[in-house]
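Just the heavy atoms: all of them, side chains too, but no hydrogens, waters or symmetry mates, feed the values below. Below, read A as the first sequence line, B as the second, and so on, with proteins coming before strands; counting in each chain starts at 1.
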Number of protein chains: 2
Amino acid sequence: MAESAHRTTARILDILELVAEHPTGLTLADLSRRLDIPKSSLHPLATTLAVRKYLHYNPREERYYAGESLFVYGNKFINNVDILEKIRNVLLSVNQKINETLYFGVLSNLDVLYLIKMDLFSQFRVVSNIGNKLPAYSTGYGKALLSQYSPRQIEQFFPDGKLKSITANTLATVDELNAQLAEIRRTGFSYEKGESTEGIQCVATAIIVDGSYLAGMSIAVPEFRYTAEREIQFKSLLLEAKQQIQKIISEQRNQWIYSGEFV
Amino acid sequence: MAESAHRTTARILDILELVAEHPTGLTLADLSRRLDIPKSSLHPLATTLAVRKYLHYNPREERYYAGESLFVYGNKFINNVDILEKIRNVLLSVNQKINETLYFGVLSNLDVLYLIKMDLFSQFRVVSNIGNKLPAYSTGYGKALLSQYSPRQIEQFFPDGKLKSITANTLATVDELNAQLAEIRRTGFSYEKGESTEGIQCVATAIIVDGSYLAGMSIAVPEFRYTAEREIQFKSLLLEAKQQIQKIISEQRNQWIYSGEFV
DNA sequence: CTTTTGTATTCGTATATACGAACTATGTTC
DNA sequence: GAACATAGTTCGTATATACGAATACAAAAG
């Protein structure tokens, strides 16, 4: 299927993504240079994107900024998936028992994508990381999801055998990763010790329906609050929530739009 | 400037928006019919959008769904605007004093667009309406923002003099709206009594910097918890927050990407 | 088993779009 | 104030793209 992509479509997406990554804005000439597209070609695309509010053009400083539409339609997506609402409720009940941060998300190629975050109720979410991506191998539930693949497949995903480090604790080699994945396959639980965020430990597990690894969830706790006894409680709550979520998804299997597989 | 929009760009955005509105998915033929574009023209666009994860194609049921990318880049947008983070902190301090729902948003043509919602801390956000739009005249801070326009301009915005109703309490005519706007201009405060959501009352105000109406905020309370005494407290907190936010925005005026004006 | 109706996909040519060059406008440098 | 950068904009033609018709394939109906 290795499609020869439609050039204009690819260009439009390139524009949107580039602008989304640059909060300080970009001029038309900036876009032209960075995307290697003639200004005259970019011009009608950019003006149309601005009319539709996917971009915001400030005429005074001659800069394009990310527009509201991407945000508007992106949130429609996440709010419409009503299965996610049910999953939020499951997470909520866990959250109320332990009052620690919960994450729920899926694999997106070799990254994890956070779909739901549920914070401590003592402190409000100020900076959210919903919609963020991180390398799967650096996170608790990412590793749980990677455990569906054989050691050989994992090796193929990382041809040079090395893993880019996020913190000082990130696993460094495919061999270390495969060792952990074997253990995860055996127990069903995955652990993260400050591998994506310094000072945060996680217990995590994958959501598996009919043998397909569809999603993952984790409990994230600051090191100093992470004890052996609490870990036992966390795992028991995770297991319970996992079964509930698996039931929810299997009842509305067709509504689960994520393949959950590496494409 | 009434640009003759770039057809292909408009088509791509039409596809994205249509699919975002249809959680149950659409076939290529559905898209073709609804957008009045030949299937053969749509095909390369849709496959490219799918490769880039803006669409998700389920080959078994031959349907396109909203993909994750819109969500991913939409959230990048909202998280990158660091001025919003500071505003969230101001709202948070208000929220902690009264424990009621707060909204913050901007005008988007004649709608309000919710950028921030802060819930009661006793109950978790399960269904969010961040990213949603509502007619400005039906909401508290929407009316506060509309008050920047003269009665004549308001009349021009609604040429037939009638306002589409959202609930039984929505203002019905431009004359009623203009009467309220005059009062809002005088006092700086705006009220909503179940006009967008049955049973919810709001007090609201506009954020105004150098004479420009940039954004709005509101406190939303269930009717039975809305008393005259609390209203006094709400207005005092709104005023304080308003001044703080105006200060924040005026200090980073160039970072405020919204014109705040009807375009 | 044949027909109908639904889907996606392919292909050659008509057509909309892209692009280089030239241009305008504004601000900066010397 | 002349010279130089910076930006956005316009235009005619070369070229990539769009589209109708035809194809393929699957499922449902007769």
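- At whole-Å resolution of the value, CZ in B:R63 and C1' in C:dG6 are 12 Å apart.
- Taking the six-membered ring where the residue is Trp, B:Y65 and B:H56 present tilted rings, their angle falling between 30° and 60°.
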N/O-N/O pairs, protein side and nucleotides 27-29 of chain C side, under 3.5 Å:
none

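- One interatomic measurement links the two molecules: CG of A:L28 to P of C:dA25, which rounds to 18 Å at whole-angstrom precision.
- Going from atom CD of A:E62 over to atom C1' of D:dA5 covers 13 Å, rounded to whole Å.
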Tell me, for nucleotides 16-22 of chain D in 5' to 3' order, what letter each nucleotide earns: B for a base near a protein heavy atom under 4.0 Å, S for only sugar-phosphate near one, - for neither?
SSSBB--
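- Checking each of A:Y213, A:F157, A:Y137 against A:Y149 for a ring-ring contact (aromatic ring centres under 6.0 Å, His included) leaves exactly one that passes, namely A:F157.
- Atom CG of B:D160 sits in a crowded spot, with more than 12 heavy atoms from other residues, nucleotides or ligands closer than 6.0 Å.
- The distance from atom NE2 of B:H43 to atom P of C:dT9 is 3 Å, rounded to the nearest whole Å.
- Across all strands, B:Y64 comes closer than 4.0 Å to no nucleic acid atom at all (heavy-atom distances).
- What separates CG of B:D30 from C1' of C:dA8 is a distance of 13 Å, to the nearest Å.
- Atom CD of A:E61 and atom P of D:dG8 are 12 Å apart (whole Å).
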